[in-house]
Amino acid sequence: MKEKLISEYVSRMTLEDVNSFAIKNGIILKDDELRLIYNHIKSSWHTIVFGNPRGILDDLKAKLDNTSYQKIESLYIHFKNLYL
């Protein structure tokens, strides 16, 4: 059930949804960074939520501003721990 709900949410997610969430959490993304994150979410949400996202995080770390990456990683850890 939880997996289906997440799948439906991600299928409806827009670039603006990702950008709004980032801004609300103090992360300002360039257009290419926003698209990169959006594409990872859309294509790899199952790994991000239920698997080991280390490869995805490593890719983001290599391509994002260090401050943005640190905030994103902290948010990921926070929400992962919150919903375990």
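The chain is numbered in sequence order, starting from 1.
Ile23 and Val18 fall into different hydrophobic clusters, where Ile, Leu, Val, Met, Phe, Trp and Tyr residues are linked whenever their side-chain heavy atoms come under 4.5 Å apart, directly or through other members.
You'll find the side chain of Phe50 reaches within 4.5 Å of the side chain of Ile6, heavy atoms only. Looking only at side-chain heavy atoms (C-beta outward), Leu60 and His40 come within less than 4.5 Å of each other. The closest side-chain heavy-atom distance from Leu57 to Arg54 is below 4.5 Å. Contact check for Asp31 versus Leu15: no side-chain heavy atoms found under the 4.5 Å cut-off. Between His46 and Glu3 the shortest side-chain heavy-atom distance falls below 4.5 Å.
Between Asp65 and Glu33 the shortest heavy-atom distance is N-OE2, 3.2 Å. Taking each heavy atom of Ser68 and Ile28 in turn, the nearest pair found is OG-O, 3.8 Å.
Listed by first and then second residue, the side chain to side chain donor-acceptor pair (under 3.5 Å) pairs involving residues 4-17 are Lys4-Glu8, Thr14-Asp17, Glu16-Ser20 (not counting sequence neighbours).
For the pair Asn25 (side chain) and Phe21 (backbone), a donor-acceptor distance under 3.5 Å is present.
Atom-to-atom distance recorded for Met13:CE and Trp45:CH2 is 10.5 Å, nearest 0.5 angstrom. With rounding to the nearest 0.5 angstrom, the CG atom of Asn66 is 11.5 Å from the NZ atom of Lys71.
With sequence neighbours excluded, no residue satisfies side chain to side chain donor-acceptor pair (under 3.5 Å) with Asn52.
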| message | side-chain contact (heavy atoms from CB on, under 4.5 Å), that's the test. Do Ile27 and Thr67 meet it? Break it down for me. | response | CA-CA 8 Å; Ile27 304 168; Thr67 303; over 6 Å; no
Taking only distance into account, with no hydrogens and no angle test, what donor-acceptor pairs under 3.5 Å do side-chain atoms of residues 76-84 form with protein atoms, sequence neighbours excluded?
residue	atom	partner	partner atom	Å
Tyr76	OH	Ile48	O	3.0
Lys80	NZ	Val49	O	2.4
Asn81	ND2	Ile77	O	3.2

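Within 6.0 Å of atom NZ in Lys42, more than 12 heavy atoms from other residues, nucleotides or ligands are found, so the atom counts as buried in its surroundings.
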